[in-house]
Amino acid sequence: MQKVYCEQSLVDLLLLEEDNTIYKIIEKFYDVVTDLETEEILELIKDNPVIKHFIKRDSGSLYGDSSAFAKINDQNYTPFLNDILILPDDIDVKSIRSEYGILALHLEDSFPDEQDFHFGYSLFADEDCPFKNWESIFSTRSLLPVNSAVLIDNFLWKDFFDFSRENGENLYPIMESIIPKELKIPFKLTIVVQNKNGRFTPRNIPEKIKKIEKNLKIRTKVDVQVGVVTQTDTKIFHERVLLTNYHYIYSDKGFSIFKNGRITEYTKGDRNWVFLNIHNYKGEIRKHQHKKNINYLKRAIKDIERSNTEIIFTAGNLDNPLLNQF
């Protein structure tokens, strides 16, 4: 389960208005962690029905963890790369967002409301198309905060011999547009590809991973650590999506549609904050789809660990913060 860490301002957090974006996000999707001891929380429950509600939610609980706050106070943010930190007003949360890719906020922060936008795009092989490359799509709005990503695309690397050219026009520009130049920690990228015809093997993929890591480091100046998961189940991993810590990006025909400076075929897509429409929460929002894909991938990796084959296998670095949630 993802967690939101909030110190002594816990009561203030839980007493935010119900239509407050931070409150809605936490109430629906996160465990709440405070620096209070269990006995202190139990005392608060007696007089505060709101705190009692947060403990009994189906979507999360509330508990204390003083050791976690000791790390936060020491500015050791790496254990919290996929969480939310509610920090005192004198802490520079903007730097934490850009340097660690963590959703660090002040209690009364407008940042979540600023992210609640929908950005849709259409790519068509026509001179009038406003988007000439992936940079023109991703440069319109920042994806901060971000420290990791999962790319699921059955169409990726279909022509194994066109690997370098394809990455140069597609994968590299996308990641270069996403990865913050100020990031102080390694960026983790997990790629899920279809391997029905066995073009990928446990022997040829490691060399490809090294090339991707080398080229991305040259382009971004950030240490990028890549892992690859091969699969054949096109029903589970049918959608072509790019998941970051707090965004859900969809591309109808995949992420390899630029070739020789041109769009190969018409496609449409969108890039959204995972909490898009949290104020109109009815049934499912992007966060549910985000969570579903991550859970499918975690399950697939576990299955692969039990029965690794020449066709279905993992390679590279899979220590991705996105896979550590739930």
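If you're wondering where the values come from, they're calculated on a predicted model, not measured in any experiment.
Ring pair Trp157/Phe200 is perpendicular by interplanar angle, where above 60° counts as perpendicular and below 30° as parallel.
Contact of the Ile212 side chain with the Asn167 side chain is registered, since non-hydrogen atoms from C-beta on lie closer than 4.5 Å. Looking at heavy atoms from C-beta onward, Leu156 lies in side-chain contact with Leu151 at the 4.5 angstrom threshold. In this structure, Tyr250 and Leu242 have side chains that are not in contact, with every pair of non-hydrogen atoms separated by 4.5 Å or more. Side-chain contact between Ile278 and Phe29: present, with at least one pair of heavy atoms (C-beta onward) separated by less than 4.5 Å. Looking only at side-chain heavy atoms (C-beta outward), Pro145 and Ile102 stay at 4.5 Å or farther from each other.
The environment of NZ in Lys268 is sparse: at most 12 heavy-atom neighbours from other residues, nucleotides or ligands sit within 6.0 Å. The environment of NZ in Lys302 is sparse: at most 12 heavy-atom neighbours from other residues, nucleotides or ligands sit within 6.0 Å. Around the NZ atom of Lys217, the shell of radius 6.0 Å holds no more than 12 heavy atoms that belong to other residues, nucleotides or ligands.
Gln2 and Lys291 are not linked by any side-chain donor-acceptor pair at a separation below 3.5 angstrom, with hydrogens and angles left out of the test. Ser148 and Asn245 share a donor-acceptor pair across their side chains, judged by distance under 3.5 Å alone. With hydrogens and angles left out, the side-chain atoms of Asp35 and Ser66 include no donor and acceptor closer than 3.5 Å. With no hydrogens or angles considered, no side-chain donor-acceptor pair links Ser164 and Asp162 at under 3.5 Å. No side-chain donor-acceptor contact under 3.5 Å links Asn260 and Arg262. Ser256 and Asn170 form no side-chain donor-acceptor contact under 3.5 Å, judged by distance and modelled atom types alone.
For the pair Arg240 and Phe155, the distance from NZ or CZ to the six-membered ring centre is under 6.0 Å and the angle to the ring normal is within 45 degrees. A cation-pi geometry, defined here as NZ or CZ lying under 6.0 Å from the six-membered ring centre and within 45° of its normal, holds between Lys208 and Phe160. In this structure, Arg219 forms no cation-pi arrangement with Tyr172, as its terminal cationic atom is not both closer than 6.0 Å to the ring centre and no more than 45° off the ring axis. Arg141 forms a cation-pi arrangement with Phe117, by the criterion of a distance under 6.0 Å to the ring centre and an angle within 45° of the ring axis.
If you look at His290 and Phe275, their ring centroids are not closer than 6.0 Å.
In summary, Glu17 and Lys24 do not engage in a salt bridge, as defined by a charged side-chain N under 4.0 Å from a carboxylate O. Salt-bridge check for Glu284 with Lys292: passed, with a basic side-chain N closer than 4.0 Å to an acidic carboxylate O. The residues Asp74 and Lys71 are annotated as not salt-bridged, no charged nitrogen and carboxylate oxygen being separated by less than 4.0 angstrom. A salt bridge links Asp319 to Lys188: one of the charged nitrogens lies within less than 4.0 Å of a carboxylate oxygen.
Annotation: the span from Phe163 atom CZ to Glu207 atom CD amounts to 9.0 Å, rounded to 0.5 Å.
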Q. Checking side-chain contact (heavy atoms from CB on, under 4.5 Å) for the pair Asn320/Gln225: CA distance, chi angles, key distance, verdict?
A. CA-CA 9 Å; Asn320 189 321; Gln225 298 176 357; over 6 Å; no
Q. Yes or no on side-chain contact (heavy atoms from CB on, under 4.5 Å) for Ile72 and Phe80, after CA distance, side-chain angles and deciding distance?
A. CA-CA 9 Å; Ile72 293 172; Phe80 313 100; 3.5 Å; yes
Q.
Please evaluate residues Ile205 and Phe313 with respect to the criterion side-chain contact (heavy atoms from CB on, under 4.5 Å), reporting the C-alpha separation (whole Å), side-chain torsions for both, the decisive distance (0.1 Å), and the verdict.
A. CA-CA 10 Å; Ile205 278 292; Phe313 60 90; 4.0 Å; yes
Q: Please test Val146 against Ile179 for side-chain contact (heavy atoms from CB on, under 4.5 Å), starting from the C-alpha separation and ending with a verdict.
A: CA-CA 7 Å; Val146 56; Ile179 298 173; over 6 Å; no
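None of Ile25, Ile91, Ile22 except one satisfies the side-chain contact (heavy atoms from CB on, under 4.5 Å) rule with Leu105; the exception is Ile22. Exactly one residue among Thr190, Val193, Val150 makes a side-chain contact (heavy atoms from CB on, under 4.5 Å) with Val229. That residue is Thr190.
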